[in-house]
Amino acid sequence: MDSNKKVYDVCIVGGGFSGLVLAIKLARAGLLVCIAELNRMVGRRILSTGNGRCNFTNSRMGNEYYYSETELSFIEDRHGDLIDFLRELGILEREFDGYFYPITNQAKTVRDALENEINALGIEVLLDNRVTDISKGEIFTVTTHRTEILAKKVCVASGGLSAATLGSSKFGYKMASKFNMKVTKLAPALVGLVSKDISLKELAGVRALGKVSYNSASCEGEIQFNKDGISGYPVMCISRFIGFDELDKKLSDISIDFIYFMDEEELKQELIKRFKHNENATILAALNGLSNEKVIQTVVSYARIYADTLVSKLDNEDIDNLVYYFKHFSVEITGTKGFDNSQVTAGGVALSGINLNTMESNECPGLFFTGEVLDVDGICGGYNLTWAYFSATKAAEAIIQEV
Ligand SMILES: Cc1cc2nc3c(=O)[nH]c(=O)nc-3n(C[C@H](O)[C@H](O)[C@H](O)COP(=O)(O)OP(=O)(O)OC[C@H]3O[C@@H](n4cnc5c(N)ncnc54)[C@H](O)[C@@H]3O)c2cc1C
């Protein structure tokens, strides 16, 4: 094994979004920084973000968009800083309804800009170096499968367990345990759900608006039905709760409200109005336009009404049944599509073991944690990259102040 005798001010484990931001901020302040990355390129995960477009932040910020076992009031709104940081790297942004993307619509431009800055600052990057251990004596020794790196401080920015093909490992959790820090339960989040529900035979291929609820969590948006499960924004946003319940083997059904923009009474009146105007029409014709056509067909069959039934033949019980199934359509799920299909890992290194002003371990001074490896996960919409940026910035500010 080669031994690199140089002593770095900071060694960063993981060249993902968080590690790259931290490295740039530290190197700009004159610190000698090195990144050890298991992939053969830095920022590989960034390429897949936002369906290849990189939704890097959101104008709606606040700790209500994040989850953790710990209270999150320390999270500041740094989305403006992140936009400025990327502008300095040449990335112009485009905003769509509060969601920010690079104007190129290409995640690659964000990754390339970070890499260009890393190179311009002369930051040493050890690619294809899987870090296997960190030990602390007078200084830190970071051991990779190829070499040993000596550093005064170390930051673990090794991410979570999601999308293993893009580079993920349990390393951060192992190190937290090694240094007597707690790791919370881990579950896949921002992930589609698996279901064998009979309704998917009818609904597979449908994209329909709805509000998806799971116990007390709910979210509205476009739901995508597939033959083996459901996905889409509202499903992804509540999936973390299903991920944890799957671990605990206490899954419940999800409930979909296809007419979430009306309460039950308003929907009932809407149906009565439609049926009065269309007495000689079939029920499907009278309901046309209320929701996706296949959703209407499925709800009608769940309400035990034949599709060719004339409106004049419907009674009050039929109307109540229609209201019920439009607003409480239950889908049995068998779990999530797992870490490999998830965008983020819920849970992680417990914040109770971290100084939240500095991101430094309370147990092991000089050891920092940033990004997804920590017990913070955001909903869809640029929140996870913003967290990676925010936590890296906090660590950078603290480290720069100390030296
Ligand atoms: C398909 C997909 C789409 C997404 N879209 C968005 C989006 O649009 N907006 C958004 O905000 N978030 C999105 N996310 C989430 C976001 O990408 C992550 O939350 C964010 O990249 C986390 O940054 P990080 O630096 O903490 O971790 P990562 O980006 O995972 O970086 C960690 C790095 O550490 C390396 N590493 C791991 N273990 C070791 C080891 N032992 N030794 C050396 N290196 C190691 C990894 O190879 C990786 O490069 C998406 C995620 C996925 C998978």
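Order of appearance sets the numbers: ligands from 1, and atoms from 1 within every ligand. Scope of the values below: all heavy atoms of this structure, side chains included, with no hydrogens, waters or symmetry mates.
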Short version for C380: what comes under 4.0 Å of ligand 1, heavy atoms counted, is neither

Decide whether an N or O pair under 3.5 Å exists between F171 and ligand 1. no

Taking the six-membered ring for Trp, are F100 and F56 parallel (under 30°), tilted (30 to 60°) or perpendicular (over 60°)? tilted

Do any pairs count as a ring pair (Phe, Tyr, Trp, His ring centres under 6.0 Å) and have a residue in residues 162-214, sequence neighbours left out, and if so which ones? none

Which residue and atom name correspond to the protein heavy atom nearest atom 1 (C) of ligand 1, and how close is it? S48 O, 3.8 Å

Answer side chain, backbone, both or neither: which part of V42 comes under 4.0 Å from ligand 1, heavy atoms only. neither

re atom 51 (C) of ligand 1, the protein heavy-atom contact at minimum distance is Q343 O, 3.1 Å

Heavy atom of A157, distance to ligand 1 below 4.0 Å: yes

Got a second to check how far H277's NE2 is from K273's NZ, nearest 0.5 Å? 6.5 Å

Min N/O separation S169 to ligand 1 under 3.5 Å: yes

Output yes when the distance from some N or O of ligand 1 to some N or O of L38 is under 3.5 Å, and no in every other case. yes

Note: R240-D377 ion pair, threshold 4.0 Å (strictly below): yes

Classify the angle between the aromatic ring planes of Y302 and F329 as parallel (below 30°), tilted (30 to 60°) or perpendicular (above 60°). tilted

If only side-chain N and O atoms count, and only distance matters, is there a donor-acceptor pair under 3.5 Å linking N63 with S73? no

Could you tell me, atom by atom, which parts of ligand 1 come under 4.0 Å of a heavy atom of N55? 7 (C), 8 (O), 9 (N), 10 (C), 11 (O)

Which bit of Y383 is near ligand 1, meaning a heavy atom under 4.0 Å away: side chain, backbone, both or neither? backbone

Could you identify the single nearest non-hydrogen protein atom to atom 8 (O) of ligand 1 and state the distance to 0.1 Å? G50 N, 2.8 Å

G16: numbered ligand 1 atoms lying under 4.0 Å from its heavy atoms: 25 (O), 29 (O), 31 (O), 33 (C), 49 (O)

Is the shortest distance from a heavy atom of R44 to ligand 1 less than 4.0 Å? no

Should you measure from each heavy atom of E372, which atoms of ligand 1 turn up under 4.0 Å away? 18 (C), 19 (O), 20 (C), 22 (C), 26 (O)

Of all the non-hydrogen atoms in the protein, which one sits nearest to atom 49 (O) of ligand 1, and at what distance? E37 OE1, 2.6 Å

Going by the rule ring pair (Phe, Tyr, Trp, His ring centres under 6.0 Å), which residues pair with Y383 if we only count those two or more places apart in sequence or in a different chain? Y65, Y66

State the atoms of ligand 1, each with its element, that fall below the 4.0 Å cut-off from a heavy-atom position in G371. 26 (O)

List every atom of ligand 1 that sits less than 4.0 Å from any heavy atom of A163, numbering the atoms from 1 in the order shown and giving each element. 53 (C)

Nearest-neighbour protein heavy atom for atom 11 (O) of ligand 1, which is reported as residue plus atom name and distance: L385 N, 2.7 Å

For ligand 1, which atoms have a heavy atom of S18 less than 4.0 angstrom away? 24 (P), 25 (O), 26 (O)

Hey, can you tell me if F390 and F74 have their rings parallel, tilted or perpendicular (30° and 60° cut-offs)? tilted

Between T298 and E202, is any pair of side-chain heavy atoms under 4.5 Å apart? yes

Could you check atom 28 (P) of ligand 1 against the protein and tell me its nearest heavy-atom contact, residue, atom and distance included? R45 NE, 3.8 Å

Pull out every atom of ligand 1 sitting under 4.0 Å from any heavy atom of G382, numbered as shown with elements. 9 (N), 10 (C), 11 (O)

Note: ligand 1 atoms sitting under 4.0 Å from heavy atoms of N129 are 42 (N), 43 (C)

Who gets closest to atom 14 (N) of ligand 1 by heavy atom: V191, T49, T144? T49

